[in-house]
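The first residue of the sequence shown is numbered 1, and numbering continues consecutively from there.
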Amino acid sequence: MTSVRHVARAVGVTSSIAPAYRVELRTGAHHLVADEPEANGGGDAGPGPFGYLLCGLAACTSTTLRMYAERKGWDLATIEVDVRYNVTDDGHTSIDRTITLPAELPNEQR
């Protein structure tokens, strides 16, 4: 039998008495707010769902690279991960991720 181990959990709560599209979020001991921009009918009280999705991808990528560098004993001062959600005029979507490492980083560590 395969066992399941929960790695993370998030709970989102919205209600009819809350501002439109505002969602109270909890994950672990952290309390966050998600909302839509005013242009979409929200109050812009926090990132929207796509913003949180992209933050998760950026955080996962930079953390994984940091862990890898530490295991290899590499001194990696900064890691920048730029993640963008794109929609073309004909409705196609994509996510682009650009990773920027220090210029002085040796090629074998890239």
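One hydrophobic cluster holds both Y85 and V81 under the rule that ILVMFWY side chains link at heavy-atom gaps under 4.5 Å. Placement of L53 and V87 within a single hydrophobic cluster is found when ILVMFWY residues are connected by side-chain heavy-atom separations under 4.5 Å, directly or transitively. L101 and V83 fall within a single hydrophobic cluster, where Ile, Leu, Val, Met, Phe, Trp and Tyr are joined by side-chain heavy atoms under 4.5 Å apart, directly or via other members.
Side-chain polar atoms of T14 and R22 form no donor-acceptor pair below 3.5 angstrom.
By the 4.5 Å heavy-atom criterion applied to side chains, T61 and R97 are counted as neighbours. Taking the side chain as every heavy atom from C-beta outward, R110 and L105 approach each other to under 4.5 Å. Counting only heavy atoms from C-beta outward, the side chains of D35 and V23 never approach each other to under 4.5 Å.
One distance of note links OG1 of T63 with CD1 of I79; it measures 8.0 Å at 0.5 Å rounding. Taking CD1 from I95 and CG from L57, the interatomic distance works out to 6.5 Å, rounded to the nearest 0.5 Å.
The list of side chain to side chain donor-acceptor pair (under 3.5 Å) pairs with a residue in residues 37-56, not counting sequence neighbours, reads E36-N40.
Residues meeting the side-chain contact (heavy atoms from CB on, under 4.5 Å) test with E70, sequence neighbours left out: R66.
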Could you walk me through whether L25 and H31 pass the side-chain contact (heavy atoms from CB on, under 4.5 Å) test, one step at a time? CA-CA 6 Å; L25 300 163; H31 296 266; over 6 Å; no
Audit row: R26, L32, side-chain contact (heavy atoms from CB on, under 4.5 Å) steps and yes/no: CA-CA 6 Å; R26 293 186 317 272; L32 310 161; over 6 Å; no
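Between the side chain of N86 and the main chain of T93, no donor-acceptor pair closer than 3.5 Å is present.
Across every non-hydrogen atom of A69 and L76, the tightest pair is CB-CD2, 3.8 Å. In plain terms, the two heavy atoms of R9 and T27 that are nearest each other are O-OG1, 2.9 Å. Across P102 and A77, no two heavy atoms sit closer than the pair CG-N, 4.5 Å. The minimum heavy-atom distance linking G41 with A20 is given by the pair O-CB, 3.8 Å.
Atom CG of D90 is surrounded by more than 12 heavy atoms from other residues, nucleotides or ligands within 6.0 Å.
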